[in-house]
Student: 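Have a look at this one before I ask anything.
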Amino acid sequence: MTQSVKGMRDLWGTELRHFQFVERMCYQIMGAHGYQEIRTPIVESTDLFSRSMGSTTDIINKEMYTFKDRSDRSLTLRPENTASVVRAIIQNKLLEGNDPLHLFYIGPMFRYERMQSGRYRQFWQIGAESIGVASPESEVENLVLLFDFLGSLGLTDLSLSINSVGFPDERASFYTAFKSFFKDREASFCPDCHRRIVDNPLRVLDCKVASCQTALTGHPEILNFLSSESRSHHEKFQKCLHGSNISFSTNPKMVRGLDYYTRTTFEVISPDLGAQCALLGGGRYDRLIQDLGGPATPAFGWALGLDRLVSLLIKKNISLPSKPRILLIPLGESMLEYALQLVRPLWTTGHSIELETRGVALKKSLATANRKGHSHAFILGEGEKAKNIITVKFLMTGEQEEWPLGEITSRLTKL
RNA sequence: GCGGCUGUCGCCUAGUGGUUAAGGCACCAGAUUGUGAUUCUGGGUACCGUGGGUUCAAAUCCCAUCAGCCGCCCCA
């Protein structure tokens with residue numbers, strides 16, 4: 001049998017309902033904050049990603065789904081969405097007259113990675129980008145949106161880590177100091193760190209090897225190499241977070257996976273997710289838009305892993321708001337025709353009413369309703385028809401009520 | 001990309017060379033015709049992930065392959 005491609009899965013049932021719940025809340029909160037949706041193609045020119053994300057990042061080097069199309073163009077399945085959003089902004093001149101832009105997106109991303117739980121080759125992200133404003137306050141606005149969203153899902157205990165990685169020139173002077181610090185004790189570092197110090201020095205900071213962490217004692221901190229402007233930006237950002245009641249911790253060792261970040265970076269990890277604990281991350285990217293050929297424009301945003309978010313909701317037993325699910329059971333074939341006429345106006349009211357059309361014994365229909373998770377059964381037989389009523393059975397308690405036909409809609413709303 | 005582990009009904013598992021692959025949950029059918037979820041009775045629904053090999057004999061041993069899991073790298 002042909003199976004789904006490795007790392008790509010089907011979504012249905014409980015898990016899909018959680019996805020849909022998150023998506024509904026996403027549209028609601030984003031809308032409330034004035035963010036507008038943008039949808040970009042899943043496939044882009046390979047160079048969009050190699051230009052935006054940094055040539056030494058793992059995503060570029062080993063994780064992209066890259067292929068040639070029939071015209072020999074190098075195409076790539078998007079591994080993240082920010083580069084595409086920026087491309088769309090430039091290409092469609094979205095900044096003209098719309099500055100600043102508040103955009104959000106939701107959709108599948110692709111990374112060719114070794115499988116592990118919580119890590120998929122097709123995975124879903126929700127992201128929000130705030131484009132055109134450089135202030136720390138706009139960063140906090142974007143994070144308030146994020147935490148309002150998480151709160152609406154019942155997630156209130158997640159901790160935010162923040163850091164600043166400065167601008168490339170600030171980073172360069174830090175690298176110089178850090179590399180000489182490293183060189184003085186290079187024998188104490190693991191082979192991976194010897195590779196990192198060349199490719200991406202910041203990565204040495206979050207090495208998990210204990211001896212490396214010991215060797216890092218007293219290391220130069222990037223915050224000390226920031227310009228006074230960047231430093232006061234960072235201070236103001238923290239002050240504003242306090243003011244908005246968002247709790248956080250500063251982590252000078254926190255490193256993000258993409259090279260385009262400037263100044264503020266942040267992430268949220270969840271201890272409940274095992275090794276793949278990164279739930280979301282983001283930061284400022286003031287140079288990306290110009291690097292991709294657009295006008296120099298500051299920007300800030302985050303991306304959240306929907307698959308991991310849903311697995312967290314399920315692990316934490318966060319229950320979905322449940323609407324009544326009704327099975328309408330006509331007794332006998334003549335009643336089925338009557339039921340069809342009766343249910344049509346009800347179907348326009350937005351309630352979930354499934355019609356039993358099999359014409360099987362009531363006993364069997366109730367068993368089916370129970371098994372499939374219906375909350376109520378509407379029973380419609382000769383007796384009900386004669387009295388112009390419907391029998392409503394509450395499947396949780398077993399209680400029954402008789403509703404006059406004219407009151408069905410109003411009483412449904414009160415369930 | 002590196003290292004390790006796993007794969008038996010829809011789900012969880014027993015079975016470690018020898019009859020017809022066992023059990024639980026679930027599912028299906030029934031216990032007199034309009035009442036489920038609780039009870040009772042009956043039913044096994046699986047080419048043991050796939051393909052080769054060893055053997056008189058393979059779910060069991062070997063190889064390959066696919067998928068999943070765990071750690072690393074890294075990331076959502």
Side-chain angles (χ1 to χ4, degrees), chain A residues 1-9 12-13 22 53-54 56-64 78-82 105-127 190-193 195-196 199-200 202-204 206-209 254-258 267-270 273-282 302-312 327 329-332 335 356 359-385 391-400:
Chain A
M1 197 213 102
T2 307
Q3 331 185 49
S4 65
V5 172
K6 181 175 185 150
M8 307 200 179
R9 63 198 181 126
W12 80 97
V22 172
M53 292 192 292
T56 61
T57 59
D58 271 37
I59 295 177
I60 293 294
N61 289 317
K62 60 174 205 193
E63 293 174 6
M64 292 213 299
R78 62 185 185 191
E80 58 113 38
N81 208 183
T82 299
Y105 59 81
I106 177 164
M109 311 296 156
F110 302 83
R111 292 183 197 173
Y112 192 89
E113 289 198 88
R114 185 69 174 264
M115 287 297 302
Q116 244 171 282
S117 77
R119 174 188 286 170
Y120 305 97
R121 288 184 171 180
Q122 174 176 331
F123 60 99
W124 291 73
Q125 282 191 338
I126 289 177
C190 69
D192 273 330
C193 281
R195 173 182 58 78
R196 292 184 182 114
D199 290 343
N200 196 349
L202 279 173
R203 284 262 160 238
V204 175
D206 68 349
C207 181
K208 282 173 192 154
V209 178
M254 194 196 78
V255 177
R256 301 286 318 141
L258 306 170
E267 67 184 19
V268 171
I269 62 170
S270 168
L273 286 178
Q276 308 308 323
C277 59
L279 188 62
L280 66 94
W302 48 261
L304 172 147
L306 198 38
D307 308 74
R308 288 178 188 180
L309 181 72
V310 165
S311 87
L312 189 61
L327 184 67
I329 308 171
L331 301 175
M335 286 300 117
E356 167 67 89
V360 293
L362 174 59
K363 170 192 287 231
K364 196 177 173 72
S365 293
L366 284 172
T368 303
N370 187 60
R371 176 165 47 83
K372 288 171 70 175
H374 286 94
S375 57
H376 303 78
F378 282 5
I379 300 168
L380 199 54
E382 299 286 352
E384 282 83 0
K385 186 181 179 186
T391 298
V392 179
K393 186 178 181 75
F394 292 67
L395 292 169
M396 303 298 167
T397 61
E399 287 164 29
Q400 289 191 185

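All values below come from the heavy atoms of this structure, side chains included, with hydrogens, waters and symmetry mates left out. Everything numeric here is computed off the predicted structure, so don't read it as measured data.
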Student: Look at the side-chain N and O atoms of A:Lys364 and state whether any lies under 4.0 Å from the OP1 or OP2 oxygen of B:A29.
Tutor: yes
Student: Name the pairing partner of B:U38, where a pair is Watson-Crick or G-U wobble with both distances under 3.5 Å, or state none.
Tutor: none
Student: Considering Watson-Crick and G-U wobble pairs with both distances under 3.5 Å, what does B:C11 pair with?
Tutor: B:G24
Student: Any strand is fair game: report the nucleotide pairing with B:G17 by Watson-Crick or G-U wobble, both distances under 3.5 Å, or none.
Tutor: none
Student: Would you give me the side-chain donor-acceptor pairs under 3.5 Å for residues 370-381 of chain A, sequence neighbours excluded?
Tutor:
from: A:Lys372; atom 1: NZ; to: A:Glu354; atom 2: OE2; distance (Å): 3.0
from: A:His374; atom 1: NE2; to: A:Glu354; atom 2: OE1; distance (Å): 3.0
from: A:Ser375; atom 1: OG; to: A:Arg325; atom 2: N; distance (Å): 2.9
from: A:Ser375; atom 1: OG; to: A:Arg325; atom 2: O; distance (Å): 3.2

Student: To the nearest 0.5 Å, what is the distance between NZ (A:Lys208) and CG (A:Asp192)?
Tutor: 11.0 Å
Student: Using a 4.0 Å cut-off on protein heavy atoms (strictly under), produce a 5'-to-3' string for nucleotides 71-76 of chain B with B for base contact, S for backbone-only sugar-phosphate contact, and - for none.
Tutor: BBBBBB
Student: Considering Watson-Crick and G-U wobble pairs with both distances under 3.5 Å, what does B:C61 pair with?
Tutor: B:G53
Student: For B:C47, what is the paired nucleotide under Watson-Crick or G-U wobble rules, both distances under 3.5 Å?
Tutor: none
Student: May I ask which nucleotide in the shown strands pairs with B:C74, Watson-Crick or G-U wobble, both distances under 3.5 Å?
Tutor: none
Student: Quick one: does A:Glu384 reach the base of B:G34 with a side-chain donor-acceptor pair under 3.5 Å?
Tutor: yes
Student: Suppose we define a pair by two distances each less than 3.5 Å, Watson-Crick or G-U wobble; what does B:C5 pair with here?
Tutor: B:G68
Student: Got a donor-acceptor pair under 3.5 Å from the side chain of A:Lys363 to the base of B:U35?
Tutor: no
